[in-house]
Structures are given as C-alpha cells and as structure tokens.
Amino acid sequence: MTVSTTSRHTALHDRHAALGASFTDFGGWDMPLKYGSELTEHRAVRSAAGLFDLSHMGEVRVSGPDAGTFLNTALVGNLAGVAVGRAKYSLLCTPEGGIVDDLITYRLAEDEFLVVPNAGNAATVVAALRERAAGFDVVVADESAETSLVAVQGPAAEAILLGLVPAAEHGAVTELKYYAAGTVTVAGTPVLLARTGYTGEDGFELYVPDAQAGALWDALLAAGREHGLVPCGLASRDSLRLEAGMPLYGQELTRDVTPFEAGLGPVVSFKKTEDFVGRAALEARRAEGVARTLVGLRGRGRRSARSHYPVLAGGRPVGEVTSGAPSPTLGHPVALAYVETAFAEPGTVLEVDLRGKPEAFDVVPLPFYRRQQ
C-alpha cells in the first residue's frame with residue numbers, strides 16, 4: 001500500500017487504508033486506486049454492485065432569486081429549464097468555447113442548485129462562477145471541504161439501498177428517475193440521493209456532511225455484502241466509464257476541445273436567450289464544422305491502445321488516442337480517440353501505432369457497452 005504525504009484526504013481515508021487499498025494522487029487527493037483486483041471490482045459493478053468514495057469531487061451551492069438565470073449565462077446548458085428535483089449534465093466553457101470542466105447540476109429548489117465539478121477543477125470552477133456572478137442576485141458557496149460523496153453502482157444498487165431506507169421512503173428510491181435527486185433517509189442519515197453515476201450501470205450517488213460519511217460507508221458496505229457488493233477504486237471506475245463511452249476531463253475534455261469536437265454538441269443550448277460565456281465562439285464553430293471528432297475504436301487484436309498513441313490511416317497520422325484499455329466486459333481492446341472528421345464514420349478501419357507496431361482498430365459507435373434495461 002502506498003500513501004501520499006502531500007495529497008488531501010477524504011473523510012473515509014482511514015477506512016480505505018484499513019481495507020488494504022492502494023492509493024494514487026488524483027486531482028490533488030489521495031484516493032483508492034484499488035483494494036485488490038481492479039478486474040474483480042470492475043466485474044462486481046457489472047454483475048452486482050460496487051461502492052465508491054467520490055468525496056474528492058466538488059460541491060458548489062448556487063442560491064438566490066437569479067440562480068437559474070445566472071447559471072444560464074455561466075454554463076452552456078439551459079439550467080433554468082430544469083425541474084426541481086432533476087439534474088442536468090453541462091459544461092463550463094471559456095469565451096473561446098474550450099471546455100473548462102464538465103459537471104452535473106442538481107436543481108434542489110426554484111432558487112437553489114448544487115453544481116458538482118470534477119476534483120481537479122473544483123477551485124477553478126468556483127472562481128469562474130464567482131467571477132461570472134457579478135451583477136446577479138446569487139450566492140456561490142463552495143461546500144466541497146465539508147461534503148462527502150459515495151456512490152453505489154450496479155444492478156443490485158437499488159436493492160442494497162432499500163435495505164437501509166425506511167419502508168415509508170422506499171418509493172422515493174424505486175421511483176427516482178435517472179438524473180433526478182431527492183432527500184432520503186439512508187441508515188438513519190438524511191442524504192441527498194441522486195440516480196446518477198459514471199459506470200454505465202444503474203446506481204446512486206449519496207451526498208452527506210463529512211461527519212456522517214463514515215457511518216454511511218460502513219452501513220452500505222455491510223448491507224451490500226449479501227448482494228455481492230465490493231469497495232471499488234479509481235482503476236475500475238476508469239475502465240467502467242471507458243466501456244460506457246463517458247469522457248474524462250484532462251483526457252477527452254480540455255480547454256483545447258470544444259463541445260462539438262467531443263460529441264457534446266447537444267449539451268449546448270442555443271435556444272435559451274441568455275448570452276452565455278462562449279456562445280459566439282460556439283455558434284461560429286457549429287456553423288463552420290470541426291476538423292476532428294471523438295470516436296470509439298475497437299481493437300481487432302489483443303493489444304490495447306493507450307493515451308497519446310498515434311492513430312494512422314494509410315500510414316499517415318490522422319489522430320491520437322485519449323483513453324484506451326482492454327474491456328473486461330466485452331473481451332477486446334477499446335479506446336477513445338480524436339481523429340480527422342473524414343475518418344470518423346463507423347466502419348472505418350484505422351491503425352493505432354502500438355509502440356512502433358501498427359495494429360488495426362475499427363471505428364465503432366459509442367458507447368461500447370450499454371446495460372440491459
């Protein structure tokens with residue numbers, strides 16, 4: 001087990017250490033990479049359930065009479081149109097249209113939202129929101145330091161939660177829609193329960209104050225044991241999200257990438273009236289089209305592509321891999337890559353330079369894996 005002496009610790013760090021976790025720095029946090037076998041953890045989420053500590057993520061509460069209008073100017077999506085109790089995936093962009101972060105925003109009340117940025121971008125997002133809040137009647141409160149987030153992901157996630165929720169509140173769990181959230185009592189603790197996740201499976205994310213995180217983690221771990229739940233680290237989370245075709249900030253998404261290149265054009269709302277940051281640049285990019293596109297690649301052989309490996313067509317570089325790994329669920333290598341738009345059509349055969357040896361990969365539709373409903 002390796003433990004960083006410089007990274008920040010979540011409220012659950014001691015529990016991860018007691019479970020024998022290997023740690024890694026992620027976004028300035030000392031996070032569990034895996035507890036034993038990342039393959040076992042990956043397969044548990046696909047077949048049963050996994051328990052993740054995601055407390056390194058940010059939590060930013062935006063409240064006030066202008067909250068909806070303000071977020072419509074700060075983010076590219078139409079947050080003012082989100083119903084109370086629902087959530088929306090959106091992007092914070094630069095004036096030039098580059099992606100500062102991708103995030104989920106929950107509407108908790110008419111004048112109150114919870115914005116959840118990625119770990120390494122939390123401080124940047126808070127600073128940008130506060131700067132963009134000038135002139136609006138809103139309060140931007142960074143609650144990241146006192147909030148924990150744990151996730152239960154997998155086919156057994158709902159059954160595990162129902163074992164910890166009072167019978168009178170079972171409907172609040174079973175009837176909770178995808179990308180919706182509400183307050184539910186779990187193991188005696190009121191939590192903000194969201195039906196969201198980053199694995200491609202059904203699952204829930206639970207927000208609680210740091211002081212209640214340990215007891216909640218212990219209760220979920222105990223209740224999940226009979227369902228096959230195991231604690232999971234960032235290694236399995238990465239392979240799961242890759243199979244589900246979900247982008248990772250810093251790899252698929254950066255300030256040098258616009259939503260249209262990343263396949264996230266539908267996330268941008270040009271119908272809303274607000275002049276959101278990046279609107280003019282994104283309107284121009286939409287009109288002119290993009291030179292490169294994010295695609296899925298399926299390997300024909302056994303070797304996996306990795307980040308930054310060149311993608312070739314006829315021996316000529318036409319792109320670059322952003323993420324790649326063997327797919328435990330599908331049994332073949334998968335990768336995400338930016339390629340010249342002329343080579344982005346599914347069915348196109350390309351090659352990836354695997355350290356000097358080109359191997360064939362097929363362009364395929366995303367996601368690679370889709371769970372059965």
Side-chain angles (χ1 to χ4, degrees), residues 45 49-52 54-55 57-63 67-68 71-72 75-92 101-118 143 147-187 189-209 212 216 220 223-224 237 240-241 244-247 264 266-269 272 367 370-373:
V45 174
L51 180 62
F52 298 83
L54 307 179
S55 303
M57 302 288 281
E59 290 85 19
V60 187
R61 193 175 301 269
V62 176
S63 58
L71 287 173
N72 268 17
L75 306 180
V76 302
N78 183 10
L79 283 304
V82 175
V84 173
R86 301 306 301 265
K88 193 174 189 66
Y89 176 82
S90 193
L91 303 167
L92 181 80
D101 199 20
D102 65 325
L103 31 78
I104 294 178
T105 300
Y106 302 91
R107 188 166 203 166
L108 306 180
E110 285 297 327
D111 59 355
E112 184 178 6
F113 297 77
L114 183 67
V115 180
V116 182
N118 287 294
E143 301 179 355
T147 305
S148 289
L149 170 60
V150 297
V152 185
Q153 298 282 298
E158 183 178 284
I160 292 167
L161 277 177
L162 290 177
L164 295 171
V165 171
E169 297 183 46
H170 277 196
V173 176
T174 59
E175 296 169 18
L176 191 66
K177 298 182 183 298
Y178 186 52
Y179 264 64
T183 301
V184 179
T185 307
V186 181
T189 300
V191 307
L192 177 64
L193 181 70
R195 201 160 205 156
T196 47
Y198 194 52
T199 64
E201 296 296 337
D202 186 25
F204 301 85
E205 295 182 319
L206 297 81
Y207 296 83
V208 293
Q212 278 81 56
L216 180 64
L220 289 166
R237 189 168 185 251
L240 290 158
R241 70 91 192 169
M246 296 179 175
L264 297 175
V267 174
V268 184
S269 174
K272 64 181 181 179
R370 194 185 302 273
R371 70 182 177 92
Q372 295 183 345
Q373 300 293 327

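Heavy atoms only: backbone and side chains are in, while hydrogens, waters and symmetry mates are out.
Side-chain contact check for L103 versus L75: some heavy-atom pair is nearer than 4.5 Å. Counting heavy atoms from C-beta outward, L176 and E158 have side chains that stay 4.5 Å or more apart. Residues T105 and V82 have side chains not in contact (no heavy-atom distance under 4.5 Å, counting atoms from C-beta outward). Side-chain contact between D202 and R195 is present, with heavy atoms from C-beta onward closer than 4.5 Å. Taking the side chain as every heavy atom from C-beta outward, L192 and L108 approach each other to under 4.5 Å. R86 is listed as a side-chain neighbour of K177, based on a closest heavy-atom distance under 4.5 Å.
Distance check, rounded to the nearest 0.5 Å: CG of L114 to CD1 of I104 gives 10.5 Å.
Under a 3.5 Å cut-off, the side chain of R241 and the backbone N or O of M246 do form a donor-acceptor pair. Side-chain atoms of R107 come within 3.5 Å of backbone N or O of E110 as a donor-acceptor pair.
Of the residues T174, V173, L193, V191, the one that meets the side chain to side chain contact (heavy atoms under 4.5 Å, CB included) test with V165 is V173.
Every residue meeting the side-chain hydrogen bond (donor to acceptor under 3.5 Å, both in side chains) condition with N72, not counting sequence neighbours, appears here in chain and number order: N78, E274. Considering only residues two or more places apart in sequence or on other chains, D102 meets the side-chain hydrogen bond (donor to acceptor under 3.5 Å, both in side chains) condition with Y89, N118. Under the side-chain hydrogen bond (donor to acceptor under 3.5 Å, both in side chains) criterion, T185 pairs with E169, not counting sequence neighbours.
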